[in-house]
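Numbering of residues begins at 1 and proceeds along the displayed sequence.
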Amino acid sequence: MARVFLPVPLRALAGGASTAEAPGATLGALIATLEERYPGMAEALVDPADPGRVRLGMVAFVDSEQADLGLLTPIGPDAEVHFLPHIAGG
């Protein structure tokens with residue numbers, strides 16, 4: 001199972017946990033598993049305008065690589081997945 005690291009804004013949905021273990025062959029399948037366990041997680045992570053992408057303002061990394069394929073990004077069985085708020089500035 002992949003180890004998922006949750007940023008502070010998502011921890012309330014996961015009962016305060018900073019990490020979770022979840023299966024899924026793709027990022028989308030992993031998010032679906034998280035949604036089953038923690039209702040509201042998919043709404044917080046999936047772009048409502050484009051359900052194949054991570055929500056605007058969030059970035060997903062799988063094993064230190066940005067998930068450029070959106071929810072189709074493959075997830076290995078022992079992957080580390082990080083969801084991070086997108087940081088902008090100037």
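- Between Leu10 and Leu45, the closest side-chain pair of non-hydrogen atoms falls below 4.5 Å.
- For the pair Val81 and Ala2, the tightest heavy-atom approach, listed with the atom from each and the gap, is CG2-CB, 4.3 Å.
- In terms of heavy-atom proximity, Leu34 sits nearest to Ala22 at CD2-CB, 4.1 Å.
- Residues Leu27 and Ile75 have side chains in contact (heavy-atom distance under 4.5 Å, counting atoms from C-beta outward).
- Side-chain atoms of Pro48 and Arg55, non-hydrogen and from C-beta on, do get closer than 4.5 Å to each other.
- Under the 4.5 Å side-chain criterion, counting only non-hydrogen atoms from C-beta, Met58 is not in contact with Pro9.
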Checklist entry - Which is it for Arg3 and Thr19 under the side-chain contact (heavy atoms from CB on, under 4.5 Å) test, yes or no, and what are the steps along the way? => result CA-CA 7 Å; Arg3 184 167 184 184; Thr19 63; 3.8 Å; yes
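- Under the 4.5 Å side-chain criterion, counting only non-hydrogen atoms from C-beta, Val4 is in contact with Phe83.
- In this structure the side chain of Leu71 reaches within 4.5 angstrom of the side chain of Val54, judged on heavy atoms.
- For Glu80 (side chain) and Asp63 (main-chain N/O), no donor-acceptor pair under 3.5 Å exists by modelled atom type.
- In the displayed structure, Glu43 atom CD is contacted under 6.0 Å by at most 12 heavy atoms of other residues, nucleotides or ligands.
- For the pair Pro7 and Pro85, the tightest heavy-atom approach, listed with the atom from each and the gap, is CB-CD, 3.7 Å.
- When atom types are taken as modelled, the side chain of Arg11 and the backbone of Leu6 share a donor-acceptor pair closer than 3.5 angstrom.
- Looking only at side-chain heavy atoms (C-beta outward), Phe61 and Leu84 come within less than 4.5 Å of each other.
- Between Pro74 and Leu69 there is a side-chain heavy-atom pair separated by less than 4.5 Å.
- Between the side chain of Gln66 and the main chain of Val59, no donor-acceptor pair closer than 3.5 Å is present.
- With values rounded to the nearest 0.5 angstrom, Thr33 atom OG1 is found 9.5 Å from Met1 atom CE.
- The minimum heavy-atom distance linking Ala14 with Met41 is given by the pair CB-CE, 4.3 Å.
- Closest non-hydrogen pair, Glu35 versus Ala42, comes out as OE1-N, 2.7 Å.
- Across all their heavy atoms, Thr73 and Ala67 have their closest contact at OG1-CB, 3.4 Å.
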